[in-house]
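The block underneath contains the structure these notes are about, expressed in structure tokens.
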Amino acid sequence: MSRLTPSEIEPKWQAAWDAAGVFTATPDPAKQKYYVLEMFPYPSGRIHMGHVRNYTMGDVIARYKSSCGFSVLHPMGWDAFGMPAENAAMATGGHPKTWTYNNIAEMRAQMKPLGLSIDWSREFATCDPEYYGQQQAMFIDFLEKGLVYRKNAIVNWDPVDMTVLANEQVEAGRGWRSGALVERKELTQWFFKITDHADELLSAIDDLKDWPEKVRLMQANWIGKSRGLQFAFERTDGGAPIEVYTTRPDTLLGASFVGISPGHPIAKAMAEDNPEVAAFIAEATKGGTTEEALETAPKLGFDTGLKVKHPLDPNWELPVWIANFILMDYGTGAIFACPAHDQRDLDFCRKYDLPVVDTFFALDDDTPVANEAFVPPKTEKVKWVNHFAGLDVATGQEAIDATVDFAEAAGWGQGKTQFRLRDWGLSRQRYWGCPIPVVHCETCGVVPEKKENLPIALPDDVSFDVPGNPLDRHPTWRDCACPACGAPAKRETDTMDTFVDSSWYFARFTAPRAETPTDADEVGYWMNVDQYIGGIEHAILHLLYSRFFARAMHICGHLPDTAKEPFDALFTQGMVTHEIYQTRDGNGRPIYHLPEDVDLDSATVKATGEAVEIIPSAKMSKSKKNVVDPLAIIDAFGADTARWFVMSDSPPERDVEWTAAGAEAAFKHLSRVYRLAAEAAESTAPAHPDEDVALARAAARAIVDVTAGIEGFAFNTSVAKLYAFTSAVQKSKAGAAAKQEAMRTMAKLMQPMTPHLAEEMWHLLGGEGLVAQAVWPTADPALLVEDTVTLPIQINGKRRGELSVAKDADKASIEAAVLATEVVQKALDGGQPRKLIVVPGRIVNVVV
RNA sequence: GCCGGUGUGGCGGAAUGGUAGACGCAGGGGAUUCAAAAUCCCCCGAUGGCAACAUCGUGUCGGUUCGAGUCCGACCACCGGUACCA
């Protein structure tokens, strides 16, 4: 009996595709183009099942679209700058460049056997000087157009290692290596002016029709447009008034204090001659800079002794506190607190014994606020205690609008639109990133490098034995001539955030070797990305930055107006998860075990016999050892099995659990399909009209269902339908010709998912050329029509029987047939139904 | 903390507001075989019942509807993001 041998057929067909140049993307004016892109990987060194799943999804789409007659672009590259390379260099003494390029070579070698329909001729890594040199050229363009500027911003500072830390390198407020308490330090840094585009980035979300609603929501919330009131509190000491911004001006009569950020100019000025204030600010600025750390840190306050006058009542004085939870970045760095209607303010006031005044109540509840702030949705009507704008019962939003109008009319405040979105800080005090191409000259100041001097390449002769940025301490790299005056000057040593690298790689793929960032013709043909596929973890930052970057590139002439939204459709896939196997050491600390080292029947470690704890599935990670190496699966069963398995079972947007049993089952199924193809090819069975038609019907059904699954990103249901079709072929007594035709359809339908097996079947069954280049099948509508349909009969909403009627039976005849059935007669017990609901082709419900 | 998501048999999951559990895994039974592997067939939510069948059942509680896994409200658990992980 013929057996499926992936190790023979997979390399064979990969070679055939290469020889025919099937996946080389070439602009073809006669064809519609289709650009499918999966988020490119970070070259960690080994691919994991998540990669296999992600790239197989993209491959299914790419191959399907190609079969449908599109000219397809499906490229691959490497998001190659970033911290792990420097960490590896510090840990093992190698060089980030060697480490990165070695990893790329290894991962490419692991990806090739998957048989992905990728145009490898377009491959690049973001750490290639050819790529980041173009990025530097664009930075200079951005500078000219006023899209980049410098300002001070806060970083995590490790006072022992004397180095800037990433948020990830801060653990519980301490530096991960030194263990020192992290401080917040101000540095001058480079920023992209993304906030200039905030409103447009927000309103354009409406047009991203083929993006998941959740991503659009997350982006909108992140941009966070709000209308509020800006006004000033007069100080009783005659000092400069304190400008505050608030989104809840309607609660002004519930104000209990004015709070300023520890970074506020008033706080800074006081700290200069008041050691107590200086000490408080030092205390309040300890810890990491993440929003989470700031929001969950214990509330700390310091009473400055300053007093301000309430704008509505000159005799009402409020104290001014410095509070650690007020951000200098948002609004004016100063607020008024209304504890009754803000939990954070309430916690603060209870801690420091400040007054709490209710300004509104729920319509049916007058209980004063105790330790839980009353914060109803702004759309809910509430009852105002006394509102200066004359409101009684109104929603929060109505009250906010009325207050803004009132303040503007009275002249003491102004309505202002505010965004939560902050400018994009791109400076990194690190080596392994794209150097920012500017020069610091004593006479000319900050000057962009001349474009003909690009790329400003990273020096290779650096070491990582000392913490900090090696570019800073390089003996000669910083030395250069000022591009403006020619005098000796120093290079900028900050490199760019790696999000910059990934914010335009999709455009570069359209002309990866161009001498300019993009090529107008290529970009014009290939952009936009028709289908972008990646993890939900990128829902906000990467996608928002890319949307901004496309706009900025358009302003500089690198992208057409039509590419300002670069991703037409977005799909976010889930993670691949696996159970975790753990034992514990003498101190109760967990020890993790690889799946292959565990005997699952007895739940013990194979080597020692020790019992393992099985922890429910979590994202595969090296540290938890719950990883399955795709190469092991490919070795054992072949790439088609790995691809088939990651496409089956779980819907693509959800996490998928990898189980060894599932992989084996996938292989069994593919073997069965192969056997059916071989049997069909050798069959000499005579035609059998009824069976032949029945099989053709099954094939037509499969074509419709599998196509719908692919179009709807429900590959798991396509797989289920292919199982059903396989079963139909297997049971069929159709003649040889009909079976061969059915199996050729099978090959076409399976080609996107299991391309090697599909080619082999196609070849066996005498298909012409490569199935990878065959046209996607369409179903004969006549074969899809069914004559009768079975309707379930519900009585009072519960299923009690069923009824077989003609497909086109009208309502009246169905009603009559239903009433005649035994179950309904019994239920009616001689009476009349109260109601009879007939949904043609669906269901019948009798209410008695 | 805040924003977003998810929750259905022993397991992965299916289901335009219309027969809950398609398809697959695991499990049970059988066929084939000297035996096995491979393959094929049947059963498979829980409880009660010989059976027909009945009752319950989609995280929890409540609501809308002739009818709710699906829509609405509250809650619980878990996951992603939280601007220097990528």
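Per chain, numbering begins at 1; letters A, B, ... match sequence-line order. Bear in mind the structure is a predicted one, so any value in this text is a computation, not a measurement.
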Classify the ring geometry between Phe81(A) and Trp432(A) as parallel (under 30°), tilted (30 to 60°) or perpendicular (over 60°).
perpendicular
Students often mix this up, so state it plainly: with edges at 30° and 60°, are the rings of His51(A) and Tyr55(A) parallel, tilted or perpendicular?
parallel
So which nucleotide does [N] pair with, by the Watson-Crick or G-U wobble rule with both distances under 3.5 Å?
{"N": "A15(B)", "result": "none"}
{"N": "G67(B)", "result": "none"}
{"N": "A31(B)", "result": "U39(B)"}
{"N": "U58(B)", "result": "none"}
{"N": "C78(B)", "result": "G5(B)"}

Nucleic acid contacts of residues 425-435 of chain A, taken as heavy-atom distances under 4.0 Å to RNA chain B
Gly425(A), Ser427(A), Arg428(A), Gln429(A), Arg430(A)
Lys214(A) with Glu653(A): basic N within carboxylate O range, under 4.0 Å
no
Given the structure, check if the side chain of Asn845(A) and the base of C66(B) hold any donor-acceptor pair shorter than 3.5 Å.
yes
Would you say Asn152(A) and Thr188(A) are linked by a side-chain donor-acceptor pair, where the criterion is simply a distance under 3.5 Å?
yes
Please tabulate, for side-chain N and O atoms in residues 342-349 of chain A, each donor-acceptor pair with protein atoms closer than 3.5 Å (sequence neighbours left out).
{"residue": "Asp342(A)", "atom": "OD1", "partner": "Arg344(A)", "partner atom": "N", "Å": "2.9"}
{"residue": "Asp342(A)", "atom": "OD1", "partner": "Asp345(A)", "partner atom": "N", "Å": "3.0"}
{"residue": "Gln343(A)", "atom": "OE1", "partner": "Ala373(A)", "partner atom": "N", "Å": "2.8"}
{"residue": "Gln343(A)", "atom": "NE2", "partner": "Asp347(A)", "partner atom": "OD1", "Å": "3.0"}
{"residue": "Gln343(A)", "atom": "NE2", "partner": "Asn371(A)", "partner atom": "O", "Å": "3.3"}
{"residue": "Arg344(A)", "atom": "NH1", "partner": "Glu295(A)", "partner atom": "OE2", "Å": "3.3"}
{"residue": "Asp345(A)", "atom": "OD2", "partner": "Cys338(A)", "partner atom": "N", "Å": "3.1"}

For the residue pair Phe715(A) and Phe713(A), is the inter-centroid distance of their aromatic rings smaller than 6.0 Å?
yes
